[in-house]
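Only heavy atoms go into these numbers, but all of them, side chains included; no hydrogens, no water, no symmetry mates. In the text below, chain A, chain B and the rest are named by the order of the sequence lines, each starting its count at 1.
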Amino acid sequence: MPQFDPTWFISQIFWLVLVFGALYWLMVKRALPKVSKALDARAERIQGDLVRAAKLQRDAEITAETYEAAIAKARDEAREAIRAAQVATVADLDARQDVLSKELAAQASAAEARIAEASKDAMASVREIAVGTAQAAAGHLIGGNVDEAKAASAVDGILNRQTTH
Amino acid sequence: MAAAADGHGGGGGLDPLHQFEIYPILSINIGGYDVSFTNSSLWMVIAAVVAYLIISRGVGAGSLVPTRMQVVAETLYSTVANMVRDNVGDAGKKYFPFVFTLFMFVLFGNLLGMIPYSFTFTSHLAVTFAMAATIFVTITIIGIMRHGLHFFSLFFPAGAPLATAPILIPIEIISYLSRPVSLSVRLFANMMVGHTLLKVLGSFAVMMGAAGILPLGLLVGITALEFLVAALQAYVFTILTCIYLHDAIHLH
């Protein structure tokens with residue numbers, strides 16, 4: 001087996017040391033820094049992007065919270081305004097209704113008073129006419145002068161009877 | 001070296017071990033030692049260049065959205081980085097460049113060996129043992145530097161009854177000392193056996209003529225398997241290095 005021929009042992013080891021040493025030096029000085037730089041740059045970029053994304057998300061959340069708060073506040077204010085408006089309207093309505101009903105009541109009572117006055121006047125006129133008519137009719141019937149007082153008492157008697165019935 | 005010089009991995013050659021022959025390309029002699037640039041050295045250089053280019057060219061400018069080759073480079077990088085982090089912990093970070101270079105060197109040594117007429121330098125015990133022994137010695141020195149004499153508690157599991165020490169300590173020492181052997185032999189044997197098998201089946205396919213379709217079909221399957229083995233053995237070699245490093249740093 002050529003593997004156990006010592007002729008080339010020294011040459012093999014000599015070139016192994018030389019070539020491996022050169023490769024090691026090239027890797028350390030040239031190749032590996034390039035790879036690690038590329039990998040680090042990418043890892044850094046990804047990390048940076050992730051951090052930025054997290055920050056943006058936080059910002060968005062804060063904005064959303066602010067928005068929600070503003071909306072809730074506006075809603076509360078609107079509800080309050082509606083309630084106040086309703087209360088004011090109801091109060092106004094009540095007040096006006098009071099005024100109106102008082103006015104109406106006053107007008108109604110005045111009208112009632114006028115009606116009562118008118119009916120009293122009318123009744124008085126009816127009695128006078130009835131007395132006159134009765135006096136005149138009785139004068140014609142019996143021929144002679146009928147005492148006004150007698151006619152009045154007769155009319156009153158009939159009127160009283162009618163009112164008691 | 002006449003046998004080696006007359007052609008390497010020769011197409012029709014029936015000797016399945018012929019592909020492991022080393023032959024010099026450029027004779028070099030330093031201080032009486034023959035350190036010729038051989039086919040093995042050539043493929044070491046090619047593996048190193050390919051490994052370096054895949055990472056360096058692959059990453060390119062290091063754009064944010066990776067190109068295809070950048071994904072390859074970054075995946076290799078993160079695979080080994082995760083392996084070191086999971087097996088050694090944060091203390092292993094400074095050994096990452098070494099572990100990564102080791103992984104790339106062995107991986108491309110194995111994979112490029114799959115090219116016909118190429119040479120698999122990881123199929124030579126001299127190379128794998130030199131790597132394993134260096135790793136073993138370095139890791140032992142790291143352990144002793146970190147823990148001083150306490151490092152030797154590695155040879156006696158905590159909590160074991162004291163009476164078992166005469167048996168346990170020799171066993172643990174033998175097991176520790178056999179690490180570089182198992183590490184190097186595993187890689188060397190896997191690569192050698194795989195390539196030998198491919199060569200034997202290939203020779204059958206040629207010899208059997210029309211019936212050679214059978215070994216040829218088998219050859220296709222085994223080739224796919226060998227690609228898996230090439231990657232897997234590089235991974236195993238690296239992950240065992242990480243585990244040994246973990247032992248030296250954390251003492252179990």
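Among A:S36, A:S11, A:A38, the residue with the largest count of heavy-atom pairs under 4.5 Å with chain B is A:S11. When the candidates B:I28, B:L125, B:D34 are compared by the number of heavy-atom contacts under 4.5 Å with chain A, B:D34 comes out ahead.
For B:Y33, the part lying near chain A is the side chain, with the backbone staying farther off; criterion is any non-hydrogen pair under 4.5 Å. Using a 4.5 Å cut-off between heavy atoms, B:L76 does not touch chain A at all. Only the side chain of A:V28 comes within less than 4.5 Å of a heavy atom of chain B; its backbone N, CA, C and O stay farther away. At a 4.5 Å heavy-atom cutoff, the contact between A:K34 and chain B is made by backbone and side-chain atoms alike. Proximity to chain B (any heavy atom under 4.5 Å) is shown, for A:Y24, by both the backbone and the side chain. The part of B:M104 that comes within reach of chain A is its side chain, from C-beta onward, which places non-hydrogen atoms under 4.5 angstrom from that chain. Proximity to chain B is limited to the side chain of A:I13, based on heavy atoms less than 4.5 angstrom apart. Of the atoms belonging to A:R42, heavy atoms from both backbone and side chain fall under 4.5 Å from chain B. With a 4.5 angstrom heavy-atom cutoff, B:V35 touches chain A via backbone and side-chain atoms both.
We find the CG-CD distance between A:D5 and B:E21 to be 7.5 Å, quoted to the nearest 0.5 Å.
A 6.0 Å sphere centred on CZ of B:F204 holds no more than 12 heavy atoms belonging to other residues, nucleotides or ligands.
Scanning residues 186-193 of chain B against chain A with a 4.5 Å heavy-atom cutoff picks out B:F188, B:M192, ordered by number. Residues of residues 87-103 of chain B lying under 4.5 angstrom from chain A, judged on non-hydrogen atoms, are B:F96, B:P97, B:F98, B:F100, B:T101, B:L102 by number. The interface of residues 64-72 of chain B with chain A, defined by heavy-atom distances below 4.5 Å, comprises B:L64, B:P66, B:Q70.
Here the side chains of A:P2 and B:L17 are in contact, with some heavy-atom distance below 4.5 Å. Side-chain contact check for B:I30 versus A:F14: some heavy-atom pair is nearer than 4.5 Å. Side-chain contact between A:L16 and B:F105: present, with at least one pair of heavy atoms (C-beta onward) separated by less than 4.5 Å.
In terms of modelled atom types and a separation under 3.5 Å, the side chain of A:Q3 and the main chain of B:S123 share a donor-acceptor contact.
Residues satisfying the side chain to side chain contact (heavy atoms under 4.5 Å, CB included) test with A:F9, not counting sequence neighbours, are A:P6, A:Q12, B:A126.
Taking all atoms of both residues into account, the shortest heavy-atom contact from B:S36 to A:W15 is O-NE1, 3.1 Å.
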